[in-house]
2 protein chains.
Amino acid sequence: MATRCANCPIRKLPLFKPMSEREVAFMERFKIGEMSVQSGTPLLSEGSTSPQLFTALSGFGLRYKLLPNGKKQVLSFVLPGDLIGLQAGVMGQMTHSVEATTHMTLCVFNRSELWTLFRNHAERAFDVTWIAASEERFLGEALATIGQKSATESVAWAFARLYRRLEAINMRNGITVPMPYTQQNLADALGLSLVHTNKTLARLREQQLATWSEGRLSIPDIEALEEIGLVEEKPSLRPLL
Amino acid sequence: MATRCANCPIRKLPLFKPMSEREVAFMERFKIGEMSVQSGTPLLSEGSTSPQLFTALSGFGLRYKLLPNGKKQVLSFVLPGDLIGLQAGVMGQMTHSVEATTHMTLCVFNRSELWTLFRNHAERAFDVTWIAASEERFLGEALATIGQKSATESVAWAFARLYRRLEAINMRNGITVPMPYTQQNLADALGLSLVHTNKTLARLREQQLATWSEGRLSIPDIEALEEIGLVEEKPSLRPLL
DNA sequence: CGCCTGTTTGAAGTGGTTCAAGACAGGTGG
DNA sequence: CCACCTGTCTTGAACCACTTCAAACAGGCG
């Protein structure tokens, strides 16, 4: 059954900006339903003009682009709290695809209501823009990583970023966080080959910097890893849609 | 002296969405001045919380990030019509720097007025979000390029994209467009070394696909170049701020 | 003229790719 | 219950696209 926004389990997590009562009330109207999908389900695809926006409530996904040469670039990992489909929402068309990596539950919003949001809820509209700018910021960081860092630095960057983000939504357990992706997914995200990604992971494991197995990532010293990955930014208080 | 928005020379270019009279009137109030800077001038820097937003009226610039290891990633080339500083505008802090590559003239807006825009001009607010989403889209494309394409494909992609964008603002002259950047700039944008970039340019020149010298880029067959660069998206009608 | 920035070229080195093959786990059908 | 998938991870070895090092050249400028 659809969770009421008032009881939204993720809204109160430390990562998210508090919402006023009026905002919660509006979101409750804006939300048209809840969706539950299995792992592997495509949520949005490149070129489509989806009538819907989603917010991930639980589970993990991937945003990616497929190239004419058959290669795949993973743009980012979708985690609980992420807004999905903003591009189609404002520009009318997706230029990347999104799919569920694990089972996911999602809030569903009506794209056509986005306009109402802009007209009547300036604060929320500002938040939407904040989210778009934040994604731009993330991609800029990813670009700098792929473009200028070594394989080891890149993997360390990705792990550290994911660890901090998961920590901020209370998914850290001791020194480990869930990581339900494959090495191929990580390779596609960092522009590396699967083989080299695997060898890089082995090296990080030997040095006790990061151990990734059975869907869980363990990081004994996150600050050391951040240093290796040349991480400069931390997740900041963000609005939730 | 300051151009009135009503007479804005770039608003009527084919690339930009028409603006209503009410919108023009608002922009005229939103705009607090005009700025003219020399080549090399830093406009915004990483970490700063600039009180201003700009729109490039003429001239060329660069957005880039500097890494702790001393390397530089160019995120994009700033062309006339581009909005600068949106990140600081909504998130309060820049995570990349922007500087002028040539002489530039810029419209200056007051960041604190951005909020007024969101409250009283929903359409314009929507446009701002559109712009943010469009930058995200571009960075996704750049990521796929750097991550998955060969050096030749990357250079072809960058050239084709710039050519089409400049064409859309009437800066094409026959088969040539202005390109006032250095090979080092391009190398930093594509995550390649200067030497290899230079050799790749030589190869494209030999094959008569693209000739870049003395600040001008000539492309005899843009569609062939787009194919080589695996270009899938074209510049689309965009709002101007 | 001397200096600076940007471009060009050659040659050597390497971080990463590609190819190949095996191990292991989970799932499926006979 | 076993044989046989298929997907993921792992490892070794050969190769090459790109980097790094080095040096020369061209144009603009005080």
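The chains referred to below are lettered A, B, ... by the order of the sequence lines, with proteins before strands, and numbering in each begins at 1.
Here CD of E46(B) is found 8.0 Å from CG of L67(B). Values are rounded to the nearest 0.5 Å.
Under 4.0 Å is where a charged nitrogen must lie from a carboxylate oxygen, and between R161(B) and E141(B) at least one such pair does. The pair K65(A)-E232(B) does not count as a salt bridge, with every side-chain nitrogen at least 4.0 angstrom from each carboxylate oxygen.
When heavy atoms are screened at a 4.0 angstrom cut-off, L192(A) is found touching the sugar-phosphate backbone but no base atom. Heavy atoms of S150(B) sit under 4.0 angstrom from primed sugar atoms or phosphate atoms, though from no base atom. Heavy atoms of T182(B) sit under 4.0 angstrom from primed sugar atoms or phosphate atoms, though from no base atom. Residue G215(A) is out of contact with every strand shown, counting any heavy-atom pair closer than 4.0 Å.
Between dT10(D) and Q183(A), a contact under 4.0 Å exists linking OP1 or OP2 to a side-chain N or O. Using a 4.0 Å cut-off, no side-chain N or O of R203(B) falls inside it from OP1 or OP2 of dT8(C). Proximity of N198(A) to the phosphate of dC9(D): no side-chain N or O atom is located under 4.0 Å from OP1 or OP2.
Taking the six-membered ring where tryptophan is involved, the planes of Y181(A) and F60(A) are perpendicular, since the angle between them exceeds 60° and thus also 30°.
Here dT7(C) presents its C1' atom at 10 Å from CG of L201(B), a figure rounded to the nearest Å. Between the C1' atom of dA26(D) and the CD atom of E214(B) lies a distance of 11 Å, rounded to the nearest Å. At whole-Å resolution of the value, NZ in K71(A) and P in dA17(D) are 11 Å apart. Whole-Å rounding puts the L194(B) CG to dC21(D) C1' distance at 13 Å. When the P atom of dC15(D) is taken as reference, atom NE2 of H196(A) falls 19 Å away, rounded to whole Å. Distance, K199(B) NZ to dT19(D) C1': 10 Å, rounded to whole Å. Protein atom CZ of R216(B) is 16 Å distant from nucleotide atom P of dT7(C), rounded to whole Å. Whole-Å rounding puts the D188(B) CG to dT7(C) C1' distance at 15 Å.
The R205(A) side chain lies nearest to dT10(D) when the options are dT10(D), dT20(D), dT11(D). Each of dT19(D), dT9(C), dT11(D) was ranked by its minimum atom distance to the side chain of S193(B); first place goes to dT19(D).
In this model, a donor atom of one side chain and an acceptor atom of the other lie less than 3.5 Å apart for S58(A) and T105(A).
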